Asks: 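Pasting a structure below so you can have a look.
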Amino acid sequence: MLDLNTLTPAQYRARYLALQEAARRRAATALPPSVTAPQPLEKPLKTETVPPGAYVALRLKRFDVLRITNDSGTPGAALFLWNADDVSERYNAGDTVKLQWTTTLTTGRVLFSDMGRVLASITADTSAGHDSIIGPNGPAQAGTGANGRDNLRLAGAKFGLTRRDLAPAVSLFSHIATDETGRFQYHAAAASGAMVELRAEQNVLVALSNTPHALSPVTAATGPISIAIAHRPPAEDDLCRHFTEEAVRGFINTDEAFS
Amino acid sequence: MTAILDITLPARAPFSATLKAGQIMRIIDLEGQQAVDALFYNAQDRSERYSAQDTLAAQASSGGPYYLQTGSVLRSNEGRAMLTLVADSCGFHDTSAGACSCEANTVRFGHETRFMHACRENFLTELAKYGMGKRDLVSNVNFFMNVPIRPNGELTVDDGVSEPGGEIALRAEMDVLVLISNCPQVNNPCNGFRPTPIRIIISDT
């Protein structure tokens, strides 16, 4: 039997390089539009408009789909998630980027919890980027105005949670990337009408705030975002559930909790 | 420099200590290429804790890089300075990739790695001594760990660039509880596939 505690450094390295090569191959393969085209969101259970600077606290059931539309091209929306059945399980930014070998979160990728399980899948995305390294703004950027950090705390408070229950979050509709000198550059806010769609893979609590990215030169939201929720279980050949071998293993862990 | 504490922390081991404001903690990578995972809490109110995003947002706003180096100020979830990296022989410390866990290992490296040792096990062991738990775990600092974020978005764990005897020094800007996991990971190159001991020195200057 393979004893993983006694392999040689060369054997460990070979295992790592094989995984890395597969991840790079996956990242370099463009998906055809027929695979990534958003599916219609029929019969929404709920729709709501979130004004600039405001937030919502949402409860989603497993396989509910949350569509977030940036109606006005506002520079970011802050997002955090918890497992509704055990709030000590929550979004983990480090695992999300590390397990998928990329900071690029878009259609096909998933949002991991700290327990090696998937909280939500990104089932559609027409935005130019979402960031989970620098993340939403706070009082340091927004001054006395509404900010992502405080709004996520307020949304969490509506579920009885405190600042202990927050960790690095996502800033949707925020295109940032490193340059050759190792600096993050903020590129642009999303276009008006940009949309991202998340499918809950567990019962989840969602904090969503209409507030900018921490590096946005515009530090207050410039217009509304809107949400729509519908129930749509994944098809057999669902993209997110099969996109990478890491996702497949993450869904083994996730589905085990519901079997 | 009179050491208040001077220990060798064995490979794979956990550690914690409280630093008074102004005290210095040095971490020495004795044999090189050893990742040292660290988390920090305000010793007076532990719900104020290290925030990787506050740290990187402030650093990026002043033109700094996406990793930690000499001069980096480690900030809390209230945006306050907790510690400053006052000396650094390595020049590159990660704060984006988080700590390894048994559960994340199953996803990243396969279910056969589930029962191997991991940093979050070390963190939880130390946190339990203070009545704390999983809710207190947030993205940490990985000293001496080389995690490039490339312009195309790729994030990997590459071979460490820390030489034997490499050293960092942190100055506490408030009273801080420090958690350390001398990383046990062998499934990626963060420890050169061979975890090794580190030395920790705490002093008043």
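Given the structure is predicted, the values throughout are model-derived calculations rather than measurements. We name chains A, B, ... by the order of the sequence lines, and we start the count at 1 in each one.
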Asks: More than 12 non-hydrogen atoms from neighbouring residues, nucleotides or ligands closer than 6.0 Å to CD on A:Gln185, yes or no?
Replies: yes
Asks: Closest approach of A:Val97 and B:Ser96, non-hydrogen atoms and distance?
Replies: CG2-O, 4.1 Å
Asks: Taking side chain as everything from C-beta outward and backbone as N, CA, C, O, which of these in A:Phe112 sits under 4.5 Å from a heavy atom of chain B? Side chain, backbone, both or neither.
Replies: side chain
Asks: Are the side chains of B:Glu103 and A:Asp114 in contact, using a 4.5 Å heavy-atom criterion?
Replies: no
Asks: With rounding to the nearest 0.5 angstrom, report the CG to CG distance, A:Leu19 to B:Asn188.
Replies: 10.0 Å
Asks: Heavy atoms only: give me the nearest A:Arg183-B:Gly64 pair and the separation to one decimal.
Replies: CG-O, 3.6 Å
Asks: Side-chain donor-acceptor pair under 3.5 Å between A:Arg163 and B:Ser47, yes or no?
Replies: yes
Asks: Stepwise, does the side-chain contact (heavy atoms from CB on, under 4.5 Å) test hold for B:Gln53 with A:Ile134?
Replies: CA-CA 5 Å; B:Gln53 290 191 328; A:Ile134 304 273; over 6 Å; no
Asks: For each of A:Ala93, A:Ala23, A:Gly94, tally heavy-atom pairs with chain B at distances under 4.5 Å, and name the one with the top tally.
Replies: A:Gly94
Asks: Using heavy-atom distances under 4.5 Å, tell me whether B:Glu48 contacts chain A through its side chain, its backbone, both, or neither.
Replies: both
Asks: May I ask you to name which of A:Glu245, A:Gln11, A:Arg90 has the most heavy-atom pairs under 4.5 Å with chain B?
Replies: A:Arg90
Asks: Report, as yes or no, whether the 6.0 Å neighbourhood of atom CZ on B:Arg114 holds more than 12 heavy atoms from other residues, nucleotides or ligands.
Replies: no
Asks: Among B:Val138, B:Asn77, B:Asn140, B:Leu56, which has the most heavy-atom pairs under 4.5 Å with chain A?
Replies: B:Asn77
Asks: Run the side-chain contact (heavy atoms from CB on, under 4.5 Å) test on B:Arg194 and A:Thr8 for me, step by step, so that the C-alpha distance in whole Å, both residues' side-chain angles and the decisive distance to 0.1 Å come before the verdict.
Replies: CA-CA 9 Å; B:Arg194 191 180 67 92; A:Thr8 66; over 6 Å; no
Asks: State, yes or no, whether a side-chain contact exists between B:Val157 and A:Gln20 at a heavy-atom distance under 4.5 Å.
Replies: no
Asks: Looking only at heavy atoms and a cut-off of under 4.5 Å, which of A:Ala167, A:Gly182, A:Ala10 has the most pairs with chain B?
Replies: A:Gly182
Asks: Could you tell me which of B:Met116, B:Met132, B:Glu78 has the largest number of non-hydrogen atom pairs under 4.5 Å with chain A?
Replies: B:Glu78
Asks: Between B:Arg150 and A:Thr178 (side chain of the first, backbone of the second, donor and acceptor by atom type, cut-off under 3.5 Å), is there such a pair?
Replies: no
Asks: Please report the closest heavy-atom contact between A:Arg24 and B:Glu154, naming both atoms and the distance.
Replies: NE-OE2, 2.7 Å
Asks: Describe, in one word, how the ring planes of B:Tyr66 and A:Phe184 are oriented to each other, choosing from parallel (under 30°), tilted (30 to 60°) and perpendicular (over 60°).
Replies: perpendicular
Asks: Is there side-chain contact between B:Val107 and A:Arg117, with at least one heavy-atom pair below 4.5 Å?
Replies: no
Asks: Test salt bridge (Lys or Arg N to Asp or Glu O under 4.0 Å) on B:Lys134 and A:Asp86 and set out the steps.
Replies: CA-CA 11 Å; B:Lys134 191 159 85 73; A:Asp86 170 6; 5.2 Å; no
Asks: Considering all heavy atoms of both residues, which atom of A:Ala177 and which atom of B:Pro151 are nearest to each other, and what is their separation?
Replies: CB-O, 3.9 Å
Asks: Looking at B:Thr113, B:Leu137, B:Ile149, which has the largest count of heavy-atom pairs under 4.5 Å with chain A?
Replies: B:Ile149
Asks: With chain A, which of B:Ala57, B:Gly98, B:Ala97 has the greatest number of heavy-atom pairs at distances under 4.5 Å?
Replies: B:Ala97
Asks: Check whether A:Leu166 gets within reach of chain B through its side chain, its backbone, both or neither, counting any heavy atom under 4.5 Å.
Replies: backbone
Asks: Tell me, out of A:Arg153, A:Gln141, A:Gln100, who's got the most heavy-atom pairs with chain B below 4.5 Å.
Replies: A:Arg153
Asks: By a 4.5 Å heavy-atom criterion (distance strictly below it), what part of B:Val147 contacts chain A: side chain, backbone, both, or neither?
Replies: neither
Asks: Taking A:Tyr16 for the side chain and B:Val186 for the main chain, is one N or O donor matched with an acceptor at less than 3.5 Å?
Replies: no
Asks: Quick one: which of A:Asp95, A:Ile176, A:Leu105, A:Thr104 has the most heavy-atom pairs under 4.5 Å with chain B, could you say?
Replies: A:Asp95
Asks: Which heavy atom of A:Leu99 sits nearest a heavy atom of B:Ala104, and at what distance?
Replies: CD2-O, 3.5 Å
Asks: Is there a side-chain contact between B:Arg135 and A:Glu89 in this structure, where contact means two heavy atoms from C-beta onward sitting under 4.5 Å apart?
Replies: no
Asks: Ignoring hydrogens and geometry beyond distance, is a side-chain donor-acceptor pair present between A:Asn253 and B:Thr106 at under 3.5 Å?
Replies: yes
Asks: Measure distances from B:Phe115 to the heavy atoms of chain A and classify the residue's part below 4.5 Å as side chain, backbone, both or neither.
Replies: neither
Asks: Between B:Asp159 and A:Arg13, is any pair of side-chain heavy atoms under 4.5 Å apart?
Replies: yes
Asks: May I ask you to test the B:Ser51-A:Arg149 pair for a side-chain heavy-atom distance under 4.5 Å?
Replies: no
Asks: Top residue by heavy-atom pair count (under 4.5 Å) with chain A, among B:Gly153, B:Gly192, B:Gly133, B:Gly79?
Replies: B:Gly153
Asks: Is B:Arg108 close to A:Trp101 at the side-chain level, that is, under 4.5 Å between some pair of heavy atoms?
Replies: yes
Asks: Does any heavy atom of chain B fall under 4.5 Å from the side chain of A:Leu215, the backbone, both, or neither of them?
Replies: side chain
Asks: Picking from A:Gly250, A:Pro136, A:Pro139, A:Gly116, which has the most non-hydrogen pairs under 4.5 angstrom with chain B?
Replies: A:Gly116
